[in-house]
Amino acid sequence: MHKKVLPILCGVMLLPMSTLATAVAKLPASQDVKMGAAEEVCSDFVDPKWRDAQVIDGVEIQESRMCNPDNPADIAAFVKGTNNISMDTLMKTQLAADAITVGNDMDGDGDPDHYIIKLEIAELNGHSPDSQLPTTTFDIAPGIQPTFWVYAPKTRDMSTLSLYEPVANSLLRAPSPVIRVEQDDIIWLVLENSHYLPHSIHLHGLDHPYMDHGGEGNDGVGQTGQMDVMPGSSKTYVIKPRQPGTMYYHCHVQPHVHIPMGLQGIIVVEENRPNNWVQVFNVGAGQVRHPSEAVKEKYAYEYDMHYQSVDKELHEMARSANDPRIISRRLNVEYDITDSPADYFLLNGRSFPYTLRESLIIMEENKKAKVRILNGHEEAFGMHIHGHKPMITHYDGVDNGPSSYIKRDVHSMVPAQRIDLELNGTDDGLNSFGQGIWMFHDHVEKSFTTNGIGEGGDISLLVYKDYLDEKGIPKVHGMSLAPYFTKEFWQGKYPAWQDYDAWKSLGLPEISAAKQEAFVPAPTAVNPATGDASQVAAAKPSFIGQLFYGLSLGLLGYLAFVKRKNIMALFGK
């Protein structure tokens, strides 16, 4: 029995303390945060006929079920050249008449062998002395407009949609366009520097001579070959690539700044085939609507995927002044890339949810797609596609043979690296887990955030055709996408889970300047006889008093238990 005495004593001691728990906390109500105006997931800003398969000026153009497909007239001009299409087709584009000059068929295989390709440099979301707002705007997500410098096909007319709309025309955008040429063709790549700073083009991984026939540098590096291309000047890079593959081009002037600002792109050398008219530009990357003959031998679809990141500090600094000398000092002297983590993560120039409009991978069961990927980030990258295990066939444009092919669900890449993936729609639990809507993204977790808010960043979807609506939007079965299409969500004002239930149990608590009843003790009672609250309060036992009282009771109980026989004997007398 003595073993039970101590627990009984402790319990008696704790009894007076129960009064401390009598104040029941009242939780504050949940706020009802207004979501704000949500954009349409896919509005009617493009002609629905643009999505259809069609033939323009003899150019076969694949269908594109995307919400925002490329202009088919642009595709025809990119394939045939602006000097080789009808005036009606050219007027449906915003290309300059000499943007792509296609030469003669010199080897008699049915396709041209000499191209003159002209690039300009455009600034997006820049600054003008005439306005406090960004000019030639390009949104990567609702309300988010970092400044970019990009290569662009040579254009005519205005850089914006109209005098009253500051939105950049469709040819001026991030990322810089994918360029396609054919193996063994003669290419003159002309950079017309329309920007206010020096620039160049370095053909990374692409077969090109160090010097051209005129004795000028051909590698795009001012320190080793030739002076950079100054504002208002032009430079022609001459190449005749002997090896096919997925390559890279970028500016080599202050590359720690110019490459992250957007002067980077994919350049593809297609395998030589008869009658092989390649699509010279794929503006905005994504689906290639006129694949090469070599690609069509193995694949039903082809996609270009350009991943890049944005340091908000750098991109805001680039529009901080109108004087190029001040901008040059800030970018080249004051900016420190070693202490500047990225804030925005892009796939083909956009962040989720805008990736849903133009950077889906659309598949069909039992068909294959070729996916070319560039890691334009400044850090490592891990490509992960849900529901599939794609096979890597090329590293940096090189096919090392079937023994080097690797099938896996995460493909890692270092900066500037390229890989070619074979995506197979065979439902066998290995190549594909079956039809549906499958996410894909860089599996470095910060890459699926936008300014630290998720889910955003470079997320997009692989969608089988039966899971698309008539506008090309995936028929998702989960949560509403509406919050992601509001500016408030990316400003951090809208709780992600607020409307998951009718009680808003995962929203935010109401915040009030007054004290909350839930966090203060009950008010002190007033003595009705004297009106003095202090007398009542003084009459209440303190915590120490209650503890002493409980301890005393416990000791008395224990003594009574030990001396119980003597006590019982006293009562017996």
Side-chain angles (χ1 to χ4, degrees), residues 119-141 143-152 154-155 158-160 163 165-169 172-176 191-202 220-235 249-265 308-346 349 376-378 415 450-451:
L119 290 174
E120 298 176 318
I121 293 177
E123 182 168 271
L124 304 173
N125 301 319
H127 183 62
S128 166
D130 302 321
S131 172
Q132 293 298 315
L133 299 175
T135 58
T136 314
T137 60
F138 177 80
D139 291 31
I140 63 170
I144 302 178
Q145 298 177 337
T147 296
F148 291 98
W149 304 336
V150 294
Y151 298 106
K154 186 176 180 180
T155 58
M158 300 180 63
S159 63
T160 57
L163 281 170
E165 296 174 282
V167 179
N169 75 53
L172 309 180
R173 56 159 297 161
S176 297
L191 174 61
E192 297 185 352
N193 188 0
S194 49
H195 200 230
Y196 50 78
L197 294 176
H199 297 291
S200 71
I201 295 177
H202 171 59
V221 181
Q223 293 84 353
T224 62
Q226 185 182 2
M227 283 294 294
D228 306 322
V229 185
M230 294 296 288
S233 300
S234 66
K235 160 71 179 172
Y249 72 101
H250 60 80
C251 184
H252 222 293
V253 179
Q254 296 291 83
H256 71 289
V257 170
H258 290 214
I259 294 175
M261 280 300 300
L263 292 172
Q264 54 167 298
Q308 61 191 121
S309 49
V310 172
D311 170 25
K312 185 168 59 175
E313 177 191 358
L314 169 64
H315 290 245
E316 290 178 351
M317 190 178 288
R319 65 174 179 230
S320 62
N322 294 316
D323 190 329
R325 296 169 298 178
I326 297 174
I327 292 178
S328 177
R329 184 194 70 206
R330 290 175 180 171
L331 297 184
N332 300 335
V333 178
E334 298 173 9
Y335 177 68
D336 183 0
I337 192 173
T338 65
D339 190 30
S340 303
D343 301 286
Y344 305 128
F345 301 88
L346 314 179
H377 292 306
E378 295 150 43
T450 297
N451 203 21

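Note that these values count all heavy atoms, side chains included, but never hydrogens, waters or copies made by symmetry. Residue numbers start at 1 and run along the sequence shown. Quick caveat: nothing in here was measured; it's all calculated off a predicted structure.
Nearest approach of M158 to L163, heavy atoms of both residues: CE-N, 3.7 Å. Minimum heavy-atom separation, A342 to S309: CB-CB, 3.7 Å. When all heavy atoms are compared, the tightest approach of A321 to I326 is CB-CG2, 3.8 Å. Closest approach of V167 and T137 over heavy atoms only: CA-OG1, 3.3 Å. Summarising the geometry of G349 relative to P175, their closest heavy-atom pair is N-CD, 3.5 Å, with the distance given to 0.1 Å. Residue L124 comes nearest to L172 through the heavy atom pair CD2-O, 3.7 Å, listed as atom of the first residue, atom of the second, then distance.
Distance check, rounded to the nearest 0.5 Å: NE2 of H127 to CD1 of I327 gives 8.5 Å. Taking CD from Q145 and CZ from F138, the interatomic distance works out to 10.5 Å, rounded to the nearest 0.5 Å. In this structure, the separation between NZ on K154 and CD on E120 is 6.5 Å, given to the nearest 0.5 Å. With rounding to the nearest 0.5 Å, the separation of SG in C251 from NE2 in H195 is 10.5 Å. Taking CG of L346 as the reference point, atom CD1 of I140 lies at 5.0 Å (rounded to 0.5 Å). Put simply, CD on E123 and OG1 on T136 are 8.5 Å apart, with the number rounded to the nearest 0.5 Å.
Using the six-membered ring where Trp is involved, Y151 and Y249 have ring planes that are tilted, between 30° and 60° apart.
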key: Intermediate values then yes/no, side chain to side chain contact (heavy atoms under 4.5 Å, CB included), L314 and M261   = CA-CA 8 Å; L314 169 64; M261 280 300 300; 3.8 Å; yes
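Of the possible polar contacts, one joining the S200 side chain to the H252 backbone as a donor-acceptor pair under 3.5 Å is found. The closest donor-acceptor contact from the side chain of N193 to the backbone of S233 lies at 3.5 Å or more, if one exists at all. Side-chain atoms of S328 do not come within 3.5 Å of backbone N or O of P324 as any donor-acceptor pair. A donor-acceptor pair is defined here as one N or O able to donate and one able to accept, closer than 3.5 Å; such a pair exists between the side chain of S194 and the backbone of I121. Side-chain atoms of D228 do not come within 3.5 Å of backbone N or O of P198 as any donor-acceptor pair. At least one donor-acceptor pair under 3.5 Å links the side chain of Q264 to the backbone N or O of I259. For the pair H258 (side chain) and V253 (backbone), a donor-acceptor distance under 3.5 Å is present.
With respect to K235, the side-chain hydrogen bond (donor to acceptor under 3.5 Å, both in side chains) criterion is satisfied by exactly one of H199, Q226, E192: Q226.
Residue pairs satisfying the salt bridge (charged side-chain N to carboxylate O under 4.0 Å, His left out) criterion with at least one member in residues 308-321, sequence neighbours excluded, are absent.
Residues passing the side chain to side chain donor-acceptor pair (under 3.5 Å) test with H315, sequence neighbours excluded: none. For Q254, the side chain to side chain donor-acceptor pair (under 3.5 Å) partners are N332, not counting sequence neighbours.
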